[in-house]
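One structure below.
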There are 2 protein chains.
Amino acid sequence: MVLPRAAKTQRRTRIQEEKEEQILEAALEVFSLHGFRGATVDQIAEVAGMSKPNLLYYFRTKEAMHRALITRVLDTWLDPLREFDAEGSPVAEIRSYIRRKLEMARDFPRESRLFANEILQGAPNIEDELKGPLKSLVDEKAAVIRSWARAGKIAKCDPYHLIFSIWSTTQHYADFDVQVRAVLGQNQSGEGRFEDAARFLEQLFLNGLEVRDQPSAIGHA
Amino acid sequence: MVLPRAAKTQRRTRIQEEKEEQILEAALEVFSLHGFRGATVDQIAEVAGMSKPNLLYYFRTKEAMHRALITRVLDTWLDPLREFDAEGSPVAEIRSYIRRKLEMARDFPRESRLFANEILQGAPNIEDELKGPLKSLVDEKAAVIRSWARAGKIAKCDPYHLIFSIWSTTQHYADFDVQVRAVLGQNQSGEGRFEDAARFLEQLFLNGLEVRDQPSAIGHA
DNA sequence: TGTAATGTTTACCAACCGGTCAAATTATCA
DNA sequence: TGATAATTTGACCGGTTGGTAAACATTACA
(Lines give C-alpha, C1' and ligand atoms only; values in the text may rest on other atoms or scores of the structure.)
Protein backbone atom coordinates (compact mmCIF):
# COMPACT_ATOMS: atom_id res chain seq x y z
CA MET A 1 0.00 0.00 0.00
CA VAL A 2 1.12 3.53 -0.64
CA LEU A 3 1.68 5.80 2.32
CA PRO A 4 2.24 9.26 0.87
CA ARG A 5 3.82 10.43 4.10
CA ALA A 6 5.05 8.36 7.00
CA ALA A 7 2.10 7.34 9.11
CA LYS A 8 1.84 9.28 12.32
CA THR A 9 2.59 6.42 14.64
CA GLN A 10 5.42 5.09 12.53
CA ARG A 11 9.00 6.20 12.88
CA ARG A 12 10.80 7.61 9.90
CA THR A 13 12.93 5.65 7.53
CA ARG A 14 16.57 6.48 6.94
CA ILE A 15 15.72 7.38 3.36
CA GLN A 16 12.88 9.60 4.49
CA GLU A 17 15.16 11.52 6.77
CA GLU A 18 17.81 11.97 4.10
CA LYS A 19 15.43 12.98 1.35
CA GLU A 20 13.47 15.40 3.47
CA GLU A 21 16.72 17.06 4.44
CA GLN A 22 17.74 17.18 0.80
CA ILE A 23 14.42 18.72 -0.17
CA LEU A 24 14.41 21.36 2.55
CA GLU A 25 17.93 22.36 1.56
CA ALA A 26 16.81 22.84 -2.03
CA ALA A 27 13.62 24.57 -0.92
CA LEU A 28 15.66 27.00 1.16
CA GLU A 29 17.76 27.83 -1.87
CA VAL A 30 14.77 28.55 -4.08
CA PHE A 31 12.31 30.09 -1.63
CA SER A 32 14.93 32.44 -0.23
CA LEU A 33 15.61 33.76 -3.69
CA HIS A 34 12.11 34.05 -5.12
CA GLY A 35 9.67 34.04 -2.21
CA PHE A 36 6.77 31.65 -1.92
CA ARG A 37 4.79 32.59 -4.99
CA GLY A 38 7.85 33.14 -7.12
CA ALA A 39 9.29 29.72 -6.39
CA THR A 40 8.20 26.70 -8.42
CA VAL A 41 8.06 23.08 -7.37
CA ASP A 42 9.84 22.03 -10.55
CA GLN A 43 12.71 24.33 -9.69
CA ILE A 44 13.01 22.96 -6.17
CA ALA A 45 12.87 19.41 -7.50
CA GLU A 46 15.63 20.15 -9.96
CA VAL A 47 17.88 21.68 -7.28
CA ALA A 48 17.13 18.74 -5.00
CA GLY A 49 18.10 16.38 -7.80
CA MET A 50 14.88 14.42 -7.94
CA SER A 51 11.69 14.27 -9.95
CA LYS A 52 8.76 16.45 -9.04
CA PRO A 53 6.43 13.57 -8.12
CA ASN A 54 9.14 12.15 -5.94
CA LEU A 55 9.46 15.43 -4.11
CA LEU A 56 5.71 15.62 -3.69
CA TYR A 57 5.84 12.16 -2.20
CA TYR A 58 7.62 13.62 0.81
CA PHE A 59 5.86 16.95 0.99
CA ARG A 60 2.37 16.74 -0.39
CA THR A 61 2.10 20.40 -1.27
CA LYS A 62 4.33 23.35 -1.94
CA GLU A 63 2.81 25.02 1.08
CA ALA A 64 3.68 22.10 3.36
CA MET A 65 7.29 22.40 2.27
CA HIS A 66 7.32 26.09 2.94
CA ARG A 67 5.71 25.69 6.31
CA ALA A 68 8.19 23.04 7.43
CA LEU A 69 11.04 25.22 6.29
CA ILE A 70 9.84 28.42 7.91
CA THR A 71 9.12 26.76 11.22
CA ARG A 72 12.56 25.27 11.41
CA VAL A 73 14.35 28.45 10.38
CA LEU A 74 12.38 30.72 12.67
CA ASP A 75 13.31 28.54 15.59
CA THR A 76 17.07 28.60 15.08
CA TRP A 77 16.89 32.19 13.98
CA LEU A 78 15.88 33.30 17.45
CA ASP A 79 18.64 31.41 19.25
CA PRO A 80 20.92 34.44 19.64
CA LEU A 81 18.15 36.42 21.31
CA ARG A 82 17.39 33.51 23.64
CA GLU A 83 20.98 33.55 24.82
CA PHE A 84 20.64 37.17 25.80
CA ASP A 85 21.38 36.88 29.51
CA ALA A 86 19.80 39.11 32.15
CA GLU A 87 22.57 38.24 34.61
CA GLY A 88 25.44 39.18 32.33
CA SER A 89 27.07 42.55 31.84
CA PRO A 90 24.93 44.77 29.58
CA VAL A 91 27.83 45.84 27.42
CA ALA A 92 29.09 42.30 26.98
CA GLU A 93 25.61 40.97 26.27
CA ILE A 94 24.76 43.57 23.68
CA ARG A 95 28.13 43.24 22.00
CA SER A 96 27.95 39.47 21.80
CA TYR A 97 24.36 39.63 20.59
CA ILE A 98 25.36 41.91 17.74
CA ARG A 99 28.30 39.67 16.93
CA ARG A 100 26.18 36.53 16.90
CA LYS A 101 23.50 38.08 14.73
CA LEU A 102 26.17 39.29 12.34
CA GLU A 103 27.73 35.84 12.21
CA MET A 104 24.36 34.35 11.35
CA ALA A 105 23.88 36.90 8.58
CA ARG A 106 27.29 35.89 7.22
CA ASP A 107 26.95 32.14 7.63
CA PHE A 108 23.24 31.67 6.92
CA PRO A 109 22.22 34.39 4.46
CA ARG A 110 19.62 32.18 2.80
CA GLU A 111 17.81 31.65 6.07
CA SER A 112 17.78 35.40 6.60
CA ARG A 113 16.42 36.02 3.12
CA LEU A 114 13.76 33.38 3.48
CA PHE A 115 12.54 35.12 6.59
CA ALA A 116 12.80 38.55 5.01
CA ASN A 117 10.80 37.39 2.01
CA GLU A 118 8.09 36.03 4.23
CA ILE A 119 7.78 39.20 6.31
CA LEU A 120 8.02 41.41 3.25
CA GLN A 121 5.10 39.64 1.65
CA GLY A 122 2.90 40.13 4.67
CA ALA A 123 3.87 37.01 6.64
CA PRO A 124 0.66 35.21 5.66
CA ASN A 125 1.90 31.91 7.08
CA ILE A 126 3.60 32.91 10.30
CA GLU A 127 1.54 35.73 11.70
CA ASP A 128 0.60 33.58 14.67
CA GLU A 129 4.20 32.72 15.41
CA LEU A 130 5.13 36.39 15.30
CA LYS A 131 2.37 37.47 17.63
CA GLY A 132 2.93 34.50 19.95
CA PRO A 133 6.39 33.05 20.62
CA LEU A 134 8.34 35.88 18.99
CA LYS A 135 6.51 38.63 20.80
CA SER A 136 6.83 36.83 24.13
CA LEU A 137 10.56 36.41 23.71
CA VAL A 138 11.07 40.02 22.71
CA ASP A 139 8.89 41.25 25.56
CA GLU A 140 11.00 39.25 27.99
CA LYS A 141 14.30 40.60 26.69
CA ALA A 142 12.96 44.12 26.40
CA ALA A 143 12.17 43.99 30.11
CA VAL A 144 15.77 43.04 30.80
CA ILE A 145 17.09 45.91 28.75
CA ARG A 146 14.70 48.30 30.44
CA SER A 147 15.88 47.18 33.86
CA TRP A 148 19.47 47.81 32.79
CA ALA A 149 18.50 51.30 31.71
CA ARG A 150 16.68 51.95 34.98
CA ALA A 151 19.73 50.78 36.92
CA GLY A 152 21.83 53.29 35.02
CA LYS A 153 23.95 50.63 33.34
CA ILE A 154 23.05 51.84 29.87
CA ALA A 155 21.40 54.95 28.54
CA LYS A 156 17.66 55.16 28.72
CA CYS A 157 16.11 54.11 25.45
CA ASP A 158 13.20 52.23 23.98
CA PRO A 159 14.25 48.57 24.24
CA TYR A 160 11.98 47.43 21.41
CA HIS A 161 13.44 49.86 18.93
CA LEU A 162 16.90 48.91 20.12
CA ILE A 163 16.20 45.29 19.28
CA PHE A 164 14.69 46.29 15.93
CA SER A 165 17.78 48.28 15.08
CA ILE A 166 20.10 45.40 15.92
CA TRP A 167 18.00 43.07 13.82
CA SER A 168 17.89 45.41 10.86
CA THR A 169 21.54 46.44 10.82
CA THR A 170 22.86 42.92 11.08
CA GLN A 171 20.41 41.21 8.74
CA HIS A 172 21.04 43.95 6.23
CA TYR A 173 24.33 42.29 5.36
CA ALA A 174 22.50 39.12 4.37
CA ASP A 175 19.32 40.48 2.84
CA PHE A 176 20.87 43.38 0.94
CA ASP A 177 24.13 41.66 0.19
CA VAL A 178 23.96 42.49 -3.52
CA GLN A 179 23.61 46.18 -2.75
CA VAL A 180 26.35 46.15 -0.15
CA ARG A 181 28.72 44.51 -2.60
CA ALA A 182 27.79 46.91 -5.37
CA VAL A 183 28.40 49.95 -3.20
CA LEU A 184 31.59 48.76 -1.58
CA GLY A 185 33.05 47.56 -4.87
CA GLN A 186 35.33 44.60 -5.31
CA ASN A 187 38.16 45.92 -3.18
CA GLN A 188 36.20 45.72 0.05
CA SER A 189 34.06 42.69 -0.65
CA GLY A 190 36.38 40.16 0.91
CA GLU A 191 36.54 38.77 4.38
CA GLY A 192 37.43 42.18 5.82
CA ARG A 193 33.89 43.33 5.09
CA PHE A 194 32.53 41.31 7.95
CA GLU A 195 35.07 42.60 10.45
CA ASP A 196 34.52 46.19 9.31
CA ALA A 197 30.80 45.84 9.83
CA ALA A 198 31.27 44.25 13.25
CA ARG A 199 33.64 46.98 14.35
CA PHE A 200 31.33 49.73 13.15
CA LEU A 201 28.19 48.27 14.72
CA GLU A 202 29.90 47.74 18.06
CA GLN A 203 31.09 51.32 17.97
CA LEU A 204 27.64 52.58 16.99
CA PHE A 205 25.70 50.68 19.60
CA LEU A 206 28.18 50.92 22.46
CA ASN A 207 29.71 54.32 22.00
CA GLY A 208 27.60 56.18 19.55
CA LEU A 209 28.83 58.81 17.22
CA GLU A 210 29.41 61.40 19.88
CA VAL A 211 32.79 63.09 20.14
CA ARG A 212 34.14 62.20 23.55
CA ASP A 213 35.88 65.52 24.20
CA GLN A 214 32.58 67.37 24.40
CA PRO A 215 30.52 65.01 26.56
CA SER A 216 27.05 66.43 26.22
CA ALA A 217 27.31 69.19 23.64
CA ILE A 218 25.06 67.22 21.33
CA GLY A 219 21.57 67.22 22.72
CA HIS A 220 18.65 65.66 20.97
CA ALA A 221 15.60 67.69 20.02
CA MET B 1 -2.43 51.67 -37.88
CA VAL B 2 -1.70 50.28 -34.45
CA LEU B 3 1.24 51.68 -32.58
CA PRO B 4 1.61 49.53 -29.46
CA ARG B 5 3.57 52.25 -27.70
CA ALA B 6 3.87 55.90 -28.54
CA ALA B 7 6.29 56.30 -31.43
CA LYS B 8 9.60 57.65 -30.33
CA THR B 9 9.34 60.99 -32.06
CA GLN B 10 5.74 61.55 -31.06
CA ARG B 11 4.65 63.24 -27.88
CA ARG B 12 2.43 61.41 -25.45
CA THR B 13 -1.29 61.65 -25.35
CA ARG B 14 -3.17 62.79 -22.28
CA ILE B 15 -4.72 59.36 -22.04
CA GLN B 16 -1.34 57.73 -22.32
CA GLU B 17 -0.02 59.75 -19.46
CA GLU B 18 -3.02 59.04 -17.26
CA LYS B 19 -3.16 55.32 -17.96
CA GLU B 20 0.55 54.78 -17.57
CA GLU B 21 0.36 56.49 -14.20
CA GLN B 22 -2.61 54.36 -13.26
CA ILE B 23 -0.77 51.20 -14.30
CA LEU B 24 2.43 52.02 -12.46
CA GLU B 25 0.43 52.75 -9.32
CA ALA B 26 -1.20 49.33 -9.55
CA ALA B 27 2.09 47.67 -10.44
CA LEU B 28 3.69 49.22 -7.37
CA GLU B 29 0.93 47.78 -5.22
CA VAL B 30 1.33 44.27 -6.60
CA PHE B 31 5.08 44.05 -7.21
CA SER B 32 5.86 45.43 -3.76
CA LEU B 33 3.80 42.71 -2.17
CA HIS B 34 4.78 39.68 -4.23
CA GLY B 35 8.05 40.47 -5.99
CA PHE B 36 8.54 40.20 -9.72
CA ARG B 37 7.93 36.52 -10.23
CA GLY B 38 5.17 36.34 -7.67
CA ALA B 39 3.19 39.15 -9.27
CA THR B 40 0.81 38.43 -12.13
CA VAL B 41 -0.20 40.69 -14.97
CA ASP B 42 -3.87 39.81 -14.44
CA GLN B 43 -3.61 40.97 -10.84
CA ILE B 44 -2.03 44.26 -11.81
CA ALA B 45 -4.66 44.77 -14.49
CA GLU B 46 -7.41 44.18 -11.97
CA VAL B 47 -5.96 46.64 -9.47
CA ALA B 48 -5.48 49.16 -12.26
CA GLY B 49 -9.10 48.67 -13.25
CA MET B 50 -8.52 47.69 -16.84
CA SER B 51 -8.32 44.59 -18.99
CA LYS B 52 -5.06 42.74 -19.36
CA PRO B 53 -4.66 43.39 -23.10
CA ASN B 54 -5.34 47.05 -22.48
CA LEU B 55 -2.59 47.13 -19.89
CA LEU B 56 -0.26 45.34 -22.27
CA TYR B 57 -1.02 47.99 -24.84
CA TYR B 58 0.85 50.50 -22.69
CA PHE B 59 3.57 48.21 -21.37
CA ARG B 60 4.33 45.45 -23.80
CA THR B 61 5.71 43.06 -21.22
CA LYS B 62 5.59 42.47 -17.49
CA GLU B 63 9.30 43.11 -17.40
CA ALA B 64 8.96 46.51 -19.10
CA MET B 65 6.47 47.53 -16.43
CA HIS B 66 8.76 46.43 -13.68
CA ARG B 67 11.73 48.18 -15.22
CA ALA B 68 9.87 51.47 -15.59
CA LEU B 69 8.69 51.24 -12.01
CA ILE B 70 12.04 50.37 -10.50
CA THR B 71 13.85 53.14 -12.35
CA ARG B 72 11.41 55.75 -11.19
CA VAL B 73 11.37 54.57 -7.60
CA LEU B 74 15.11 54.23 -7.32
CA ASP B 75 15.47 57.80 -8.43
CA THR B 76 13.19 59.38 -5.85
CA TRP B 77 14.38 56.94 -3.26
CA LEU B 78 17.82 58.48 -3.27
CA ASP B 79 16.62 62.06 -2.89
CA PRO B 80 17.26 62.23 0.85
CA LEU B 81 20.86 61.16 0.39
CA ARG B 82 21.33 63.72 -2.38
CA GLU B 83 20.28 66.45 0.01
CA PHE B 84 22.99 65.42 2.40
CA ASP B 85 24.97 68.65 2.54
CA ALA B 86 28.73 68.80 3.00
CA GLU B 87 28.52 72.42 4.12
CA GLY B 88 25.96 71.82 6.85
CA SER B 89 26.49 70.88 10.45
CA PRO B 90 27.25 67.14 10.74
CA VAL B 91 24.85 66.60 13.59
CA ALA B 92 22.02 68.46 11.85
CA GLU B 93 22.69 66.70 8.55
CA ILE B 94 22.72 63.22 10.02
CA ARG B 95 19.68 63.88 12.12
CA SER B 96 17.67 65.28 9.25
CA TYR B 97 18.82 62.46 6.99
CA ILE B 98 17.54 59.90 9.47
CA ARG B 99 14.31 61.81 9.84
CA ARG B 100 13.76 62.05 6.10
CA LYS B 101 14.48 58.39 5.52
CA LEU B 102 12.11 57.50 8.31
CA GLU B 103 9.41 59.70 6.84
CA MET B 104 9.83 57.98 3.51
CA ALA B 105 9.51 54.59 5.18
CA ARG B 106 6.31 55.80 6.80
CA ASP B 107 4.81 57.55 3.78
CA PHE B 108 6.02 55.31 0.96
CA PRO B 109 6.29 51.80 2.35
CA ARG B 110 5.40 50.19 -0.96
CA GLU B 111 8.30 51.86 -2.69
CA SER B 112 10.60 50.61 0.02
CA ARG B 113 9.26 47.07 -0.27
CA LEU B 114 9.52 47.09 -4.03
CA PHE B 115 13.15 47.97 -3.72
CA ALA B 116 13.73 45.45 -0.95
CA ASN B 117 12.13 42.72 -3.02
CA GLU B 118 14.34 43.52 -5.95
CA ILE B 119 17.56 43.49 -3.93
CA LEU B 120 16.51 40.42 -2.00
CA GLN B 121 16.01 38.51 -5.23
CA GLY B 122 19.47 39.34 -6.45
CA ALA B 123 18.70 42.64 -8.20
CA PRO B 124 18.79 41.02 -11.65
CA ASN B 125 17.40 44.12 -13.32
CA ILE B 126 19.20 46.96 -11.59
CA GLU B 127 22.68 45.68 -10.96
CA ASP B 128 24.08 48.32 -13.30
CA GLU B 129 22.25 51.12 -11.54
CA LEU B 130 23.59 49.94 -8.21
CA LYS B 131 27.17 49.76 -9.36
CA GLY B 132 26.90 53.02 -11.28
CA PRO B 133 24.80 55.95 -10.04
CA LEU B 134 24.14 54.55 -6.58
CA LYS B 135 27.75 53.73 -5.85
CA SER B 136 28.89 57.13 -7.10
CA LEU B 137 26.44 58.95 -4.88
CA VAL B 138 27.37 56.91 -1.84
CA ASP B 139 31.08 57.35 -2.53
CA GLU B 140 30.58 61.09 -2.66
CA LYS B 141 28.67 61.28 0.60
CA ALA B 142 31.01 58.84 2.29
CA ALA B 143 33.87 61.20 1.51
CA VAL B 144 31.96 64.01 3.21
CA ILE B 145 31.38 61.93 6.31
CA ARG B 146 35.02 60.89 6.39
CA SER B 147 36.13 64.51 6.21
CA TRP B 148 33.87 65.33 9.13
CA ALA B 149 35.44 62.51 11.10
CA ARG B 150 38.96 63.69 10.21
CA ALA B 151 38.07 67.20 11.32
CA GLY B 152 36.97 65.83 14.68
CA LYS B 153 33.35 66.85 14.19
CA ILE B 154 32.10 63.32 14.64
CA ALA B 155 33.68 60.13 15.89
CA LYS B 156 35.86 58.21 13.50
CA CYS B 157 33.91 55.47 11.83
CA ASP B 158 33.47 53.69 8.53
CA PRO B 159 31.19 56.00 6.54
CA TYR B 160 29.88 53.22 4.30
CA HIS B 161 28.70 51.12 7.18
CA LEU B 162 27.22 54.20 8.76
CA ILE B 163 25.13 54.78 5.67
CA PHE B 164 24.16 51.11 5.53
CA SER B 165 23.01 51.22 9.12
CA ILE B 166 20.87 54.30 8.53
CA TRP B 167 19.32 52.67 5.49
CA SER B 168 18.59 49.43 7.27
CA THR B 169 17.21 50.85 10.50
CA THR B 170 14.86 53.27 8.80
CA GLN B 171 13.67 51.01 5.98
CA HIS B 172 13.07 48.29 8.54
CA TYR B 173 9.90 50.08 9.59
CA ALA B 174 8.53 49.79 6.06
CA ASP B 175 9.86 46.41 4.97
CA PHE B 176 9.28 44.56 8.23
CA ASP B 177 6.16 46.46 9.22
CA VAL B 178 4.20 43.28 9.86
CA GLN B 179 6.81 42.06 12.30
CA VAL B 180 7.14 45.41 14.02
CA ARG B 181 3.38 45.56 14.53
CA ALA B 182 3.26 41.97 15.79
CA VAL B 183 5.98 42.58 18.34
CA LEU B 184 4.78 45.95 19.55
CA GLY B 185 1.19 44.79 19.80
CA GLN B 186 -1.85 46.94 19.20
CA ASN B 187 -1.20 49.42 21.97
CA GLN B 188 1.91 50.88 20.34
CA SER B 189 0.98 50.55 16.69
CA GLY B 190 -0.48 54.01 16.33
CA GLU B 191 1.07 57.24 15.28
CA GLY B 192 3.34 57.27 18.33
CA ARG B 193 5.28 54.40 16.81
CA PHE B 194 6.87 56.70 14.28
CA GLU B 195 7.90 59.27 16.84
CA ASP B 196 9.29 56.60 19.15
CA ALA B 197 11.40 55.21 16.35
CA ALA B 198 12.63 58.65 15.35
CA ARG B 199 13.57 59.50 18.91
CA PHE B 200 15.39 56.24 19.42
CA LEU B 201 17.33 56.40 16.17
CA GLU B 202 18.41 59.97 16.78
CA GLN B 203 19.60 58.99 20.21
CA LEU B 204 21.38 55.92 18.86
CA PHE B 205 23.16 57.64 16.04
CA LEU B 206 23.94 60.93 17.76
CA ASN B 207 24.62 59.91 21.31
CA GLY B 208 25.02 56.18 21.41
CA LEU B 209 24.13 54.00 24.32
CA GLU B 210 26.92 55.15 26.52
CA VAL B 211 26.18 56.43 30.02
CA ARG B 212 27.34 60.02 30.14
CA ASP B 213 28.48 59.95 33.76
CA GLN B 214 31.33 57.59 32.95
CA PRO B 215 32.65 59.09 29.73
CA SER B 216 34.96 56.38 28.46
CA ALA B 217 34.43 53.46 30.79
CA ILE B 218 33.02 51.43 27.92
CA GLY B 219 35.82 50.54 25.55
CA HIS B 220 35.36 48.40 22.52
CA ALA B 221 37.23 45.12 21.99
C1' DT C 1 -18.83 66.18 -39.84
C1' DG C 2 -15.62 62.76 -41.60
C1' DT C 3 -11.73 60.09 -41.03
C1' DA C 4 -7.56 58.48 -39.48
C1' DA C 5 -5.06 57.57 -35.34
C1' DT C 6 -5.59 55.99 -30.82
C1' DG C 7 -7.59 53.19 -27.37
C1' DT C 8 -10.27 48.98 -25.74
C1' DT C 9 -12.15 44.40 -25.68
C1' DT C 10 -13.24 39.47 -26.75
C1' DA C 11 -11.39 35.31 -27.91
C1' DC C 12 -7.57 32.78 -27.98
C1' DC C 13 -2.75 30.43 -27.64
C1' DA C 14 1.31 27.88 -26.15
C1' DA C 15 3.95 27.35 -22.09
C1' DC C 16 3.98 26.59 -17.44
C1' DC C 17 1.88 25.83 -12.89
C1' DG C 18 0.77 22.60 -8.76
C1' DG C 19 -0.66 18.26 -8.26
C1' DT C 20 -2.40 13.14 -9.42
C1' DC C 21 -2.12 8.35 -10.91
C1' DA C 22 -0.74 3.96 -11.94
C1' DA C 23 2.98 1.39 -13.12
C1' DA C 24 7.78 0.29 -12.32
C1' DT C 25 11.65 -0.02 -9.29
C1' DT C 26 14.03 -0.69 -5.04
C1' DA C 27 14.62 -1.61 -0.06
C1' DT C 28 13.27 -4.45 4.00
C1' DC C 29 13.06 -8.49 6.45
C1' DA C 30 10.66 -13.01 7.72
C1' DT D 1 14.63 -16.28 -1.52
C1' DG D 2 10.20 -14.27 -1.79
C1' DA D 3 6.69 -11.20 -0.50
C1' DT D 4 5.44 -6.95 1.23
C1' DA D 5 6.10 -2.19 1.92
C1' DA D 6 8.58 1.95 0.53
C1' DT D 7 10.28 4.70 -3.12
C1' DT D 8 10.66 6.59 -7.85
C1' DT D 9 9.13 7.83 -12.33
C1' DG D 10 6.70 9.12 -16.89
C1' DA D 11 2.47 10.42 -18.49
C1' DC D 12 -0.96 13.27 -17.68
C1' DC D 13 -4.71 16.88 -15.94
C1' DG D 14 -7.20 21.12 -15.23
C1' DG D 15 -6.13 25.78 -14.24
C1' DT D 16 -3.20 29.80 -14.71
C1' DT D 17 0.49 32.28 -16.85
C1' DG D 18 2.37 36.02 -20.11
C1' DG D 19 1.27 37.47 -24.37
C1' DT D 20 -1.17 37.92 -29.28
C1' DA D 21 -4.66 38.81 -33.13
C1' DA D 22 -8.12 41.12 -34.77
C1' DA D 23 -12.46 43.28 -34.41
C1' DC D 24 -14.58 47.09 -32.20
C1' DA D 25 -15.00 51.76 -29.94
C1' DT D 26 -13.40 56.22 -29.08
C1' DT D 27 -10.79 60.27 -29.56
C1' DA D 28 -8.43 64.08 -31.94
C1' DC D 29 -8.48 67.15 -35.47
C1' DA D 30 -8.76 68.97 -40.48
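Hydrogens, waters and symmetry mates play no part in the numbers below; they use all other heavy atoms, side chains included. Residue numbering restarts at 1 for every chain, and letters A, B, ... go by the order of the sequence lines.
- Taking both residues in full, the closest heavy atoms of A/N117 and A/F31 are given as ND2-O, 3.7 Å, listed atom of the first, atom of the second, then distance.
- We find that CD of A/E18 is positioned 15 Å from C1' of D/dT8, with the value rounded to whole Å.
- Here B/N54 does not reach the OP1 or OP2 of C/dG7: none of its side-chain N or O atoms lies under 4.0 Å away.
- Using a distance-only test at 3.5 Å, with no hydrogens or angles considered, no donor-acceptor pair links the side chain of B/K141 to the main chain of B/P159.
- Atom CE of A/M50 and atom C1' of C/dT26 are 15 Å apart (whole Å).
- At the heavy-atom level, B/A39 lies under 4.0 Å from the strands shown only through sugar-phosphate atoms.
- At distances below 3.5 Å, not a single donor-acceptor pair connects side-chain atoms of B/K101 with backbone N or O atoms of B/T169.
- Looking at A/K62, its side chain has no donor and acceptor atom pair within 3.5 Å of the base of C/dG19.
- Note on A/Y57: a side-chain N or O is less than 4.0 Å away from OP1 or OP2 of D/dT7.
- The CD-C1' distance, from A/E63 to C/dG19, rounds to 14 Å in whole Å.
- Atom CZ of B/R60 is separated from atom P of D/dA21 by 12 Å (rounded to the nearest Å).
- Of the listed nucleotides (C/dC21, D/dT20, C/dC17), C/dC17 has the atom at the smallest distance from the side chain of A/T40.
- Applying the 4.0 Å criterion to OP1 and OP2 of D/dT8, one finds that A/K19 has a side-chain N or O inside that range.
- Rounded to whole Å, atom P of D/dG15 lies 20 Å from atom CD of B/Q43.
- For the pair B/R67 CZ and D/dG18 P, the interatomic distance rounds to 16 Å; values are reported in whole Å.
- To the nearest angstrom, P of C/dG18 lies 9 Å from CZ of B/R37.
- For A/R113 (side chain) and A/A174 (main-chain N/O), a donor-acceptor pair under 3.5 Å exists by modelled atom type.
- For the OP1/OP2 pair of C/dT8 and a distance below 4.0 Å, the side-chain nitrogens and oxygens of B/Y58 include at least one atom meeting the criterion.
- Taking side-chain N and O atoms only, B/S51 has a distance below 4.0 Å to OP1 or OP2 of C/dT9.
- In this structure, B/I23 atom CD1 and D/dG18 atom P are separated by 15 Å, rounded to whole Å.
- Of the listed nucleotides (D/dG18, C/dG18, C/dG19), D/dG18 has the atom at the smallest distance from the side chain of B/K52.
- Counting only distance, with no hydrogens or angles, the side chain of B/E111 and the backbone of B/W77 share no donor-acceptor pair below 3.5 Å.
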